[in-house]
Every structure is written in structure tokens, then in C-alpha cells.
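This structure is a prediction, so every number in the text was calculated from the model and none was measured.
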Amino acid sequence: MTLFYGVELLLLIVALIDVIVRDSSQVRHLPKLVWVLLIVFLPFAGAVIWFVVGHDWQAAPRNHGRYLEPARREDRFATLGDARVDHGHRRVTATEQELAALEDEIRFWEAQARLKRAKDAAGDGDPALPS
């Protein structure tokens, strides 16, 4: 018998929370206040009636209180040309220029490292260091 009361209490709490957090447009047949009173005064029957009749089961975007990252428009482009059309040529070109500058910098530092290795191998290392 205790198990029945526990299930009834759990159903009452879940139904009340569900009614309270729903928008009024998602509640069918009666106003939200009437559903809350029905669930409180008829705990088991009111909760069952809420889930069967009053709850709007249509699919809708839900987040259950969790943060959802907004959809970014940049992710929706199939090709670079589509991104250029939507964002303008300037933004995509600026990104390409930044990438080219980074590649040039990488090539410069790789050349410096090769030069240093060649000097070390030839014995022409830093003159400040004693040989």
C-alpha cells in the first residue's frame, strides 16, 4: 500500500511540474490554473486526466531547461561559394589572407630551423659559444 502512495505522490509532482512549466499555448481544453487545481484536489485521477487530455503531445523544440547553443549560420553552407554569397566576398577573402600569412610564417620558421641545423652540422654554430 505504501508503494501505491509513493507512485501517486510521484505522479502528482510530475504532473504539477509539467503543468506549471508549460506555456499556456501548450495546454489543452482548460486554463493552467484549473489543471493545477484539478491535479491537487484529485491527485491520481487529475494527473492521469492531465496527461491523457490536457497535455499537448505535439512535437515541439524542447530544451528542458538546458542551454542549447544557437545554430550558427556559417555551418549551413555546402561550398565556399555559398558562404561568399551570403557573407560577402570580403569576409571569406580576409580569412584566406590570414591563412596565407600563417602559412608564410610557418615556412619562414621552418627555413630558420633548417638553416640552424645546417650551421650546427657544419660547425658554424653561434660564435659566442666556445667550441
Please determine whether residues [X] and [Y] belong to a single hydrophobic cluster, defined as Ile, Leu, Val, Met, Phe, Trp and Tyr linked transitively by side-chain heavy-atom distances below 4.5 Å.
X   : Y   : answer
F41 : I39 : no
L33 : L38 : no
L30 : L37 : no

Quiz item: Can you tell me how far CG of D18 sits from CD1 of I13, rounded to the nearest 0.5 angstrom?
Solution: 13.5 Å

Quiz item: Atom CG of L12 and atom CD1 of I17: how far apart are they, to the nearest 0.5 Å?
Solution: 9.5 Å

Quiz item: Between I49 and W35, is any pair of side-chain heavy atoms under 4.5 Å apart?
Solution: yes

Practice problem: Determine whether L102 and E105 make a side-chain contact, defined as any pair of heavy atoms from C-beta on separated by less than 4.5 Å. | Solution: yes

Self-check item: W109: hydrophobic cluster co-members (side-chain, 4.5 Å)
Solution: F108

Quiz item: Under the salt bridge (Lys or Arg N to Asp or Glu O under 4.0 Å) test, which residues partner K116, sequence neighbours left out?
Solution: D120

Exercise. Using salt bridge (Lys or Arg N to Asp or Glu O under 4.0 Å) as the criterion, list what pairs up with R107, not counting sequence neighbours.
Key: D104

